[in-house]
Amino acid sequence: MPRTAGRIHRDGLTSTATVLVEALEAAQTDKETADTLTHPFHTYPARLHPATAKILVEFVGEDAKRNQAILDPFCGSGTVLVEARANGLRAIGTDLNPLATLVARAKTWTVPPKKRNQLRSVGHAIAGAALAAGKAARRSGTDTAPLRRVAGFDPNARNRRLAAWFAPHVRRELEDLAARLDELATEDAELASILTACLSAILYKVSSRTSDTDPTWTDRNVARGQATRLFGQRVELLVAGLDDLAKVHAPLPEVHELDIRKLSTVVPDGTVAGVVTSPPYAGTYDYAEHQRLRFDFLGLRHRDLDAGELGSRRSFEADPHEANRRWKKALAGSIEKIAATLVPGGAAAIVIGDSVAKGRAMFALDDVREALPGDLVIEAWASQERPMLGTVERRAFGDRPKAEHIVLLRRA
Ligand SMILES: C[S@@+](CC[C@H](N)C(=O)[O-])C[C@H]1O[C@@H](n2cnc3c(N)ncnc32)[C@H](O)[C@@H]1O
């Protein structure tokens, strides 16, 4: 969610619209929340601002009964789940992106203290052993990475795809850490997966990929041992955040890798007290591409995401007309699925932004209005104007402002 302040417009029930305005403003005024709990653990494209999530979760979760959950069906890196857990609420998150669910699970892993201490001790033991192996490799002059075999990936093809992105000594260190995690997975797959999220969190920082959303090559000078030390620090950051998150009593959040079209297979109808979610912005991101390097390195299977990602940029590049038709259908389908999960009177806060897809302005509030099923009404909305980025956006939007919206839907 962009952090720039812009004019805010609002409509609907005054008390609700006031909360939505506060949630939008919090992204600029709240300088603390984003640094608390496990929020700083891992980057993620179009992450919801934690301060916005906090206000929306408090609002939709206000009347939640003990067994009723807060749901985010596009949970991404788990911002909403962290805030729900911090509020003592039951939380369920689903997302089609295997990297998202890996990270969201790690950020909400509020297991008993003994297990969290084990996360710290095993993480540090692995980092220590990898550092020692790195020194030995340096002394013997063997800085090349062994060809690690990752289930479901051709080792030579994987090797070729990764070769350009890491300096040889960095790649050797990372493969060593990953091999130790593979070994741990044979005894404790859950712990290994949380530590894999720690490795994922530092991967792009020691690669030559500029960022998640910018795939261009950049020259990064990474010292020997730095990748391993960063991994150890990331373990520490995660454990400290989880310790804070676990101070409030609540069940361990559930996280599922799932297409929203199959939501009813894990969330029974009429069981959710409130939804806070941010669907993809039409034609803006390519989650499958943004995480390609991580998928290759960590061995995450992504065929379902490649095929089922909603509103991806690549779908608009390929056939804008067909992509637009599919986007509208998918958004309507998603809102219908969300509505079905809600208890009567339950609320869904949808955070969504206007975008430009293949040169055409996409007005998200209009799209949500068109997509509403009969059992949902708009109780209020608030929209904050965002700056136009370049001439393509200015041409596409013309006189209408570009904005980010929060729409509060209420089930009858
Ligand atoms: C705007 S992001 C959500 C970010 C999240 N709120 C956070 O704070 O990290 C939208 C998410 O929708 C997911 N997504 C795209 N298509 C999907 C589908 N068909 N089913 C479920 N999730 C999907 C993407 O993987 C992405 O994580």
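Every value quoted in this text rests on a predicted model; they were computed, and no experiment measured them. All ligand and atom numbering here is 1-based and tracks the order in the structure. No hydrogens, no waters, no symmetry mates; every other heavy atom, side chains included, goes into these values.
When only non-hydrogen protein atoms are considered, atom 15 (C) of ligand 1 lies nearest to P280 CG, 3.6 Å. The nearest protein atom to atom 5 (C) of ligand 1, hydrogens excluded, is given as C75 O, 3.5 Å; this is a heavy-atom distance. Here the heavy atom of the protein found nearest to atom 24 (C) of ligand 1 is D95 OD1, 3.5 Å. For atom 19 (N) of ligand 1, the nearest non-hydrogen atom of the protein is G308 O, 3.0 Å. Ranking protein heavy atoms by distance to atom 1 (C) of ligand 1, first place goes to S278 O, 3.3 Å. Looking only at heavy atoms of the protein, atom 16 (N) of ligand 1 is closest to L310 N, 3.0 Å. In this structure, atom 23 (C) of ligand 1 lies nearest to the protein heavy atom F74 CD2, 3.5 Å. Ranking protein heavy atoms by distance to atom 20 (N) of ligand 1, first place goes to I260 N, 3.0 Å.
Taking a cut-off of under 4.0 Å to the non-hydrogen atoms of G76, the atoms of ligand 1 that pass are 5 (C), 9 (O), 27 (O). Which parts of ligand 1 touch R47 is read off a 4.0 Å heavy-atom cut-off, strictly below it: atoms 7 (C), 8 (O), 9 (O). Listed by number with element, the atoms of ligand 1 under 4.0 Å from a non-hydrogen atom of T79 are 7 (C), 8 (O), 9 (O). Listed by atom number, the atoms of ligand 1 under 4.0 Å from Y44 heavy atoms are 9 (O), 25 (O), 26 (C), 27 (O). Against a heavy-atom cut-off of under 4.0 Å, D259 is close to the following atoms of ligand 1: 18 (C), 19 (N), 20 (N). Taking every non-hydrogen atom of R261 and a distance limit under 4.0 Å, the qualifying atoms of ligand 1 come out as 19 (N). Residue A46 approaches ligand 1 through these ligand atoms, each under 4.0 Å from one of its heavy atoms: 1 (C), 4 (C). Atoms of ligand 1 found under 4.0 Å from any heavy atom of L258, numbered from 1 in the order shown, are 20 (N), 21 (C).
Side-chain N or O atoms of H49 include one that pairs as donor or acceptor with a backbone N or O of A51 at under 3.5 Å. The main-chain N or O of L242 is never found under 3.5 Å from a side-chain atom of T38 such that the two would form a donor-acceptor pair.
Of the N or O atoms in A100, none lie within a sub-3.5 Å distance of an N or O in ligand 1. Taking any N or O of S77, backbone or side chain, at least one lies under 3.5 Å from an N or O belonging to ligand 1.
Within a 6.0 Å sphere centred on CD of E322, other residues, nucleotides and ligands contribute more than 12 heavy atoms. Crowding of R149 atom CZ: a count of heavy atoms from other residues, nucleotides or ligands under 6.0 Å not exceeding 12. Heavy atoms of other residues, nucleotides or ligands lying less than 6.0 angstrom from CZ of R301 number 12 at most.
With respect to D212 and R294, a salt bridge is recorded, a charged nitrogen being found less than 4.0 Å from a carboxylate O. The pair R160-D296 does not count as a salt bridge, with every side-chain nitrogen at least 4.0 angstrom from each carboxylate oxygen.
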For residues 75-82, dump all side-chain donor-acceptor pairs below 3.5 Å to protein atoms at least two apart in sequence or in another chain.
none

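Here the side chains of E83 and E58 are not in contact, with every heavy-atom distance at 4.5 Å or above.
Relative ring orientation between F295 and H302 is described as parallel, the plane-to-plane angle staying below 30° on a 0-90° scale split at 30° and 60°. The aromatic rings of Y44 and Y287 sit parallel to each other, their planes meeting at less than 30°, with 60° as the upper class boundary.
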Exercise. Decide yes or no on side-chain contact (heavy atoms from CB on, under 4.5 Å) for D154 and R161, but give the supporting numbers first.
Key: CA-CA 11 Å; D154 175 81; R161 286 198 300 271; over 6 Å; no
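Cation-pi geometry between R220 and Y204 is not met: the NZ or CZ atom fails to fall both under 6.0 Å from the ring centre and inside 45° of the normal.
In P279, the part holding a heavy atom less than 4.0 Å from any atom of ligand 1 is the backbone. Using a 4.0 Å cut-off between heavy atoms, Y287 contacts ligand 1 through its side chain alone, with no backbone atom that close.
Of the listed options L96, V351, N97, L96 places a heavy atom closest to atom 17 (C) of ligand 1.
Ligand 1 lies out of reach of A330, whose nearest heavy atom is not under 4.0 Å from it.
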